[in-house]
Amino acid sequence: MASRRISSLISRSLPLLSRGGKQTYVGRGIYRYSTAAALEDPIKPPVTVQYDKLLINGQFVDAASGKTFPTLDPRTGEVIAHVAEGDAEDINRAVAAARKAFDEGPWPKMTAYERQRILLRFADLVEKHNDEIAALESWDSGKPFEQSAQVEIPMFVRLFRYYAGWADKIHGLTIQADGPHHVQTLHEPIGVAGQIIPWNFPLVMFGWKVGPALACGNTVVLKTAEQTPLSALLVSKLLHEAGLPDGVLNIVSGFGPTAGAALCRHMDVDKIAFTGSTETGKIVLESSAKSNLKPVTLELGGNHLLLFVRMLMWTKLLSWHTLLYFSIRTYVHEKVYDEFIEKAKARALKRVVGDPFKVGIEQGPQIDAEQFEKILKYIRSGKESGATLETGGDRFGTKGYYIQPTVFSNVKDDMLIATDEIFGPVQTVLKFKDLGEVIQRANNTRYGLAAGVFTQNLDTANTLMRALRVGTVWINCFDTFDATIPFGGYKMSGIGREKGEYSLKNYLQVKAVVMPLKNPAWL
Ligand code: NAD
């Protein structure tokens, strides 16, 4: 079913996407484009920008200051649209709308069944507009259209259906108290949720946060990333079409130190959910402490870990969509190290980089000049610190923010390219001898987001799943995500979990209700 859908999407998209660029069929549904054509001749995205204002109380409005900021096409650095730039005053307006919609409005008072139906209708509408939304997402973020259309937007739809399913299944407990009392717990929505998201998965992050918040009956003020404000505005229009009452979801585009900071310190915001860098996460937590002690969940930086004890399933692992940002510390057992380097290098060389709107593209441009420069700086640091550059190591083409897929071998644990989160297409490969040693080295980092382990030995798998101090361990697979699987970090990779049942806890308060019992039969 899923693969049928994907192939029909590809064939529907092909005529649209195959303009410009020399196309060569390389098998298994993949077309490769010549680099020069890919970069010289950006394809006109098959979508227009319809919404560029702030969404407050169900209306698209200008910023109070009248200011706008440009959102750029990462393929060229050219302006896609000028978007209303929210600031503290707009956050005040958005929070007031969300507050009213929570305290007085229909959303938390609606039956859970009605809320569920709106979320399900929304999922259907997103599905109907899949390719249009995917095109906008790819235009603004630079990620391959195929990835947006076949993976991320369908994932977003499933996520909303999943949380719609939870809406009428949120129950408290009846508790046997130590005495003649009837005790129950009510799981109540927390109130106005402030949410801040990054650019790397704009809509997926929207789903992880807005989905559970709305299902639990909260209202929301969402600040999107300044690099990728567009897709959230488009889907929010659909959410209102599906029946969402005004004021329940408000979207403020804008910058972190202005709009983001105002949201975090707002006294009428009851909760903050943040995804972004560890450095910003600390500021967010501090703002909560200095304002109203609103609970904070943080999904922060990571330095994904890959551990190859055996060469297993590696081709699948290095398949096209998994390693969009393959900034991964890869520990490889010395017995398979040389073979691994050869294969990683060959795969990086084959990786198809180019215009996200061309079919078969595995890697688009980086998001902006800042991220592009940051990655190149890490690559220079890798070279200077003595790691061996196996392939890549430079920009790709002359326009936009494309970077060559890069592999470093002979990486040492204390090199910056191993300790920091590069967040770009750079793989760093380290050698290990035995399990005890690699566990100690792998855990010797301030991050603890996720790890992938490749082994055929059950004992090794069991040892590593317990020993690694990370929020997710993938065993003989990697980057496997769905709505039901919780995600979050140990250590400085975050606080709390998103997705799955766990995320509901972020958006619910527990109220204990105690009543005396007269002549209880069973006490
Ligand atoms: P960032 O922290 O600079 O920005 C993220 C968001 O925070 C943006 O919306 C930004 O405007 C806002 N922001 C910035 N300063 C702020 C402030 N002072 N107050 C409030 N908000 C502020 O992060 P980035 O570099 O844009 O995003 C990439 C980071 O996100 C990486 O570190 C990556 O690991 C992390 N990330 C983590 C997860 C996860 O699940 N743990 C998922 C995706 C991305």
Side-chain angles (χ1 to χ4, degrees), residues 69 71 74 83 85-88 91 140-143 152 194-209 221-229 232 251-266 269 272-291 294 296-305 324-328 366-375 378 420-424 445-451 470-472 479 481 485-500 502-503 506:
F69 67 99
T71 184
V83 177
E85 180 185 335
D87 202 339
I91 291 290
D140 212 12
S141 70
K143 63 179 62 200
E152 294 187 20
Q195 305 184 324
I196 299 178
I197 54 177
W199 47 263
N200 59 336
F201 291 99
L203 275 184
V204 172
M205 293 295 121
F206 177 116
W208 287 20
K209 291 189 167 46
V221 177
L222 175 78
K223 197 207 76 69
T224 46
E226 54 272 33
Q227 299 89 343
T228 50
I251 301 199
V252 180
S253 320
F255 293 86
T258 50
L263 187 59
C264 295
R265 64 169 182 262
H266 206 293
V269 171
I272 286 281
F274 170 83
T275 297
S277 62
T278 297
E279 290 63 37
T280 311
K282 288 182 183 175
I283 299 173
V284 170
L285 205 51
E286 199 181 357
S287 302
S288 159
K290 286 185 171 162
S291 54
K294 49 183 85 62
V296 176
T297 39
L298 300 173
E299 296 283 355
L300 304 179
N303 190 351
H304 276 30
L305 175 73
L324 174 70
Y325 301 104
F326 66 106
S327 155
I328 295 170
Q366 302 306 306
I367 187 73
D368 60 12
E370 187 182 333
Q371 188 63 17
F372 175 78
E373 290 302 338
K374 186 175 151 200
I375 296 165
Y378 275 118
D420 282 18
E421 180 192 35
I422 304 174
F423 222 53
T445 160
R446 59 189 181 276
Y447 294 121
L449 199 52
V470 292
T472 301
D479 245 1
F481 281 96
I485 306 170
F487 191 73
Y490 277 37
K491 301 193 267 183
M492 287 174 80
S493 287
I495 300 176
R497 295 292 176 270
E498 290 191 311
K499 298 198 289 130
Y502 290 88
S503 196
N506 300 331

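Computed from a prediction, not measured in an experiment: that's the story for all the values here. Whatever order the structure lists them in is the order used to number ligands and atoms, beginning at 1. Side chains included, hydrogens not; waters and symmetry mates left out as well; all remaining heavy atoms used. Heads up: numbering here begins at 1 and tracks the sequence.
- Taking distance alone, with nitrogen or oxygen atoms compared against 3.5 Å, Asn200 stays at or beyond that limit from ligand 1.
- Near Ala261, the atoms of ligand 1 lying under 4.0 angstrom from a non-hydrogen atom of the residue are 19 (N), 20 (C).
- Checked against a 3.5 angstrom limit, the closest N/O atoms of Ser277 and ligand 1 fall inside it.
- By heavy-atom distance, the residue among Trp199, Phe201, Tyr447, Phe487 lying nearest atom 25 (O) of ligand 1 is Trp199.
- Contact detail for Leu263 and Ile272: the closest heavy-atom pair is O-CD1, 3.9 Å.
- Protein heavy atom nearest atom 16 (C) of ligand 1, with residue, atom name and distance: Thr280 CG2, 3.2 Å.
- Of all protein heavy atoms, the one closest to atom 12 (C) of ligand 1 is Ile196 CG2, 3.7 Å.
- The protein atom (non-hydrogen) at minimum distance from atom 31 (C) of ligand 1 is Glu421 OE1, 3.5 Å.
- Here the closest non-hydrogen pair linking Gly301 and Ser493 is O-OG, 2.6 Å.
- Protein heavy atom nearest atom 39 (C) of ligand 1, with residue, atom name and distance: Glu299 CB, 3.5 Å.
- With atom 29 (C) of ligand 1 as the reference point, the heavy atom nearest to it among Gly276, Ser287, Gly488 is part of Gly276.
- Remark: ligand 1 and Thr275 share no N or O pair separated by less than 3.5 Å (distance only, no angle test).
- The minimum heavy-atom distance between Gly86 and Thr258, with the atom names listed, is O-OG1, 4.3 Å.
- Distance from atom 13 (N) of ligand 1 to its nearest protein heavy atom, with residue and atom name: Gly256 CA, 3.3 Å.
- When each atom of ligand 1 is checked for a heavy atom of Lys223 under 4.0 Å away, the hits are 9 (O), 10 (C), 11 (O).
- Between Gln227 and ligand 1, a contact under 3.5 Å exists for no N or O pair.
- Between the side chain of Lys294 and the backbone N or O of Cys264, at least one donor-acceptor pair lies under 3.5 Å.
- Looking at ligand 1, you won't find any N or O of Trp208 less than 3.5 Å from one of its N or O atoms.
- For atom 20 (C) of ligand 1, the nearest protein heavy atom (residue, atom name, distance) is Gly260 C, 3.3 Å.
- Across all non-hydrogen atoms, the minimal contact from Asp420 to Tyr378 is OD2-OH, 2.6 Å.
- The proximity of Phe423 to ligand 1, defined as any non-hydrogen pair under 4.0 Å, is limited to the side chain.
- Of the possible polar contacts, none joining the Glu85 side chain to the Gly254 backbone as a donor-acceptor pair under 3.5 Å is found.
- Looking at every heavy atom in both residues, Tyr447 comes nearest to Lys491 through O-CE, 3.4 Å.
- Any N or O atom pair closer than 3.5 Å counts here, and Leu300 shares at least one such pair with ligand 1.
- Scanning all protein heavy atoms for the shortest distance to atom 8 (C) of ligand 1 gives Ile197 O, 3.5 Å.
- Near Pro198, the atoms of ligand 1 lying under 4.0 angstrom from a non-hydrogen atom of the residue are 27 (O), 44 (C).
- The side chain to side chain contact (heavy atoms under 4.5 Å, CB included) test with Trp199 singles out one residue from Asp140, Asp368, Thr228, and that residue is Thr228.
- Crowding of Tyr502 atom OH: a count of heavy atoms from other residues, nucleotides or ligands under 6.0 Å not exceeding 12.
- Distance screen at 4.0 Å: atom 4 (O) of ligand 1 has no protein heavy-atom neighbour inside the cut-off.
- Counting only heavy atoms of the protein, atom 10 (C) of ligand 1 lies nearest to Glu226 OE1, 3.5 Å.
- Across all their heavy atoms, Met492 and Thr278 have their closest contact at O-OG1, 3.0 Å.
- Going from atom CD of Gln366 over to atom CG of Asn200 covers 11.0 Å, rounded to the nearest 0.5 Å.
- Here Glu286 contributes atom CD and Ser291 contributes atom OG; the two are 10.5 Å apart, rounded to the nearest 0.5 Å.
- Considering backbone and side-chain atoms alike, Thr278 places every N or O at 3.5 Å or more from each N or O of ligand 1.
- Atom numbering of ligand 1 starts at 1 in the shown order; those under 4.0 Å from a heavy atom of Leu449 are 41 (N).
- For ligand 1, the atoms closer than 4.0 angstrom to any heavy atom of Phe274 are 2 (O), 6 (C), 7 (O).
- The residue Glu498 has no part lying near ligand 1, judged by heavy-atom distances below 4.0 Å.
- Rounding to the nearest 0.5 Å gives a distance of 5.0 Å between CH2 of Trp208 and CZ of Phe481.
- At least one heavy atom of Ala225 sits closer than 4.0 Å to an atom of ligand 1.
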